[in-house]
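To start, the structure under review is shown below, and the notes come after it.
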Amino acid sequence: ASRARSCRIQSSPDVADEPRLGEDLKSWLAFADQKVGEVATLATGLAEGRAAVADRLAESTAAVRSRAAAPGVVVPEVRERTAALTPADGERAPYAERAAAQQARLNLPPLPTTTIGSFPQTSEIRSTRAAWVRGELSDADYTAAMRAEIASTVALQEELGLDVLVHGEPERNDMVQYFAEQLDGFATTVNGWVQSYGSRCVRPPILWGDVSRPAPLTVEWTAYAASLTDKPVKGMLTGPVTILAWSFVRDDLPLGDTADQVALALRDEVTDLEAAGIGVVQVDEPALRELLPLRRAAHPGYLDWSVRSFRLSTAGADTATQVHTHLCYSEFGQVIGAIDGLDADVTSVEAARSRMEIVPELADAGYGRGIGPGVYDIHSPRVPSVDEVTDLVELAAKSIDPRLVWVNPDCGLKTRAYAETKESLANLVTAARTVRATL
Ligand code: GLN
Ligand code: ZN
């Protein structure tokens with residue numbers, strides 16, 4: 001189930017307790033207390049007739065009308081831009097041309113090593129962010145603290161000998177909320193907690209209007225990381241499908257249209273990252289599979305808009321910019337064609353628990369671009385041995401052209417601690433070098 005849809009009614013009690021939401025927006029929303037009120041209205045109406053609830057029905061109709069006409073709900077510039085899109089906006093140069101240009105720029109060894117983006121979110125990082133949000137830490141002090149964190153993450157990756165580095169995402173509370181907080185068209189709540197898995201909770205953003213990007217979202221942190229190293233640093237974005245899957249979406253515009261709006265905002269971000277000198281950009285779509293409709297008949301329609309919006313967000317990239325994506329589940333059967341359709345230069349996927357099963361499946365389906373099957377499961381603190389990782393890398397390199405294989409963990413490291421992260425990544429690098437030497 002998606003994060004937003006698994007929301008139980010008691011999770012978000014009363015819209016009146018949401019200080020960040022404007023009065024207009026509040027009048028359009030129903031949290032738990034409002035929903036209970038609506039049920040009571042319906043019950044009264046059924047028992048006593050429409051007249052008994054006429055006031056409340058009129059109030060509801062007025063709210064719907066005010067929403068349709070409110071500024072920000074329909075933004076003409078946003079609508080004009082999506083209306084002008086053509087299939088060419090989702091096309092990049094042929095893969096062979098891209099791969100050559102990227103290799104000339106990045107000069108990576110065979111079996112390049114990388115991570116999925118986040119590094120451990122220590123309690124220190126969390127409390128620094130919380131203090132800043134409460135206004136107890138100045139912007140300057142917050143920025144300095146995050147920069148120090150980024151600098152130590154970059155230094156660690158250099159020491160470990162990873163090939164494509166990341167900034168580590170310390171500034172992100174959540175991979176969707178972080179983007180929604182900065183995009184026009186989204187609102188975020190203070191109390192709207194929803195269980196995502198196990199004991200982990202998130203606050204899904206509320207999408208209420210047309211989406212645009214008032215300012216760059218990630219460029220400063222990424223460019224700072226890149227300024228600290230000669231190795232390539234991978235910019236890290238959350239894809240349009242995942243942003244929508246983990247938000248409360250609007251009911252007055254098809255999801256595919258909204259996805260195009262989000263995609264264009266991300267496309268502009270990719271351009272800005274490139275202008276800041278970033279040569280590798282990852283657009284995460286861990287929710288691509290999750291949003292797949294249950295009914296088979298609905299699959300082609302869904303895959304059409306989801307793949308289109310991903311391509312739209314990435315196809316503005318230069319031929320020499322390497323586009324990565326990350327998908328985060330292990331049953332790929334129904335989306336294997338879509339993975340190819342995304343046209344990313346490199347796709348990292350969860351694979352350790354299934355012992356690289358996805359790699360021959362992709363090879364059989366004719367997939368011929370970079371693939372990073374995860375070599376260890378990040379859900380556990382267990383450190384994989386060098387031999388274990390070496391076996392998996394060898395297995396992958398036997399099932400598909402070894403020139404396509406990347407070596408990376410299954411997913412982001414934010415829930416892990418540094419002790420096991422360092423050991424695991426050290427073993428990963430050793431394993432990659434061992435197999436590299438045999439190629
Ligand atoms: N870049 C994100 C991270 O590393 C990806 C998370 C995910 O796949 N869910 O945390
Ligand atoms: Zn993942």
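In listed order, ligands and their atoms are each counted from 1. Worth saying up front: this structure is predicted, and the values here are computed from it rather than measured.
- In this pair, His324 and Trp406 present their aromatic rings perpendicular. The plane angle is above 60°, beyond the 30 to 60° band.
- Under 4.0 Å is where a charged nitrogen must lie from a carboxylate oxygen, and between Arg81 and Asp89 no such pair does.
- The closest donor-acceptor contact from the side chain of Arg98 to the backbone of Ala93 lies under 3.5 Å.
- Asp284 and His326 make their closest contact through OD1-CB, 3.2 Å (heavy atoms, listed as atom of the first residue, atom of the second, distance).
- Ionic pairing of Arg79 and Asp257 is not present here: no N-O contact between side-chain nitrogen and carboxylate oxygen is shorter than 4.0 angstrom.
- Of the possible donor and acceptor atoms, none in the side chain of Gln177 sits under 3.5 Å from a partner among the backbone N and O of Pro205.
- Near ligand 1, heavy-atom contacts under 4.0 Å come from Ile116, Gly117, Ser118, Glu169, Met175, Met236, Asp284, Pro286, His326, Cys328, Cys411, Gly412.
- Take a cut-off of 2.8 Å around the Zn ion (ligand 2): the protein N, O or S atoms inside it are His326 NE2, Cys328 SG, Cys411 SG.
- Thr153 approaches Gly168 most closely through the heavy-atom pair CG2-CA, 4.2 Å.
- Listed for the Gln121 side chain is a donor-acceptor partner under 3.5 Å among the backbone atoms of Glu169.
- Of the inter-residue distances, the one linking Leu291 atom CG with Thr242 atom OG1 reads 8.5 Å to the nearest 0.5 angstrom.
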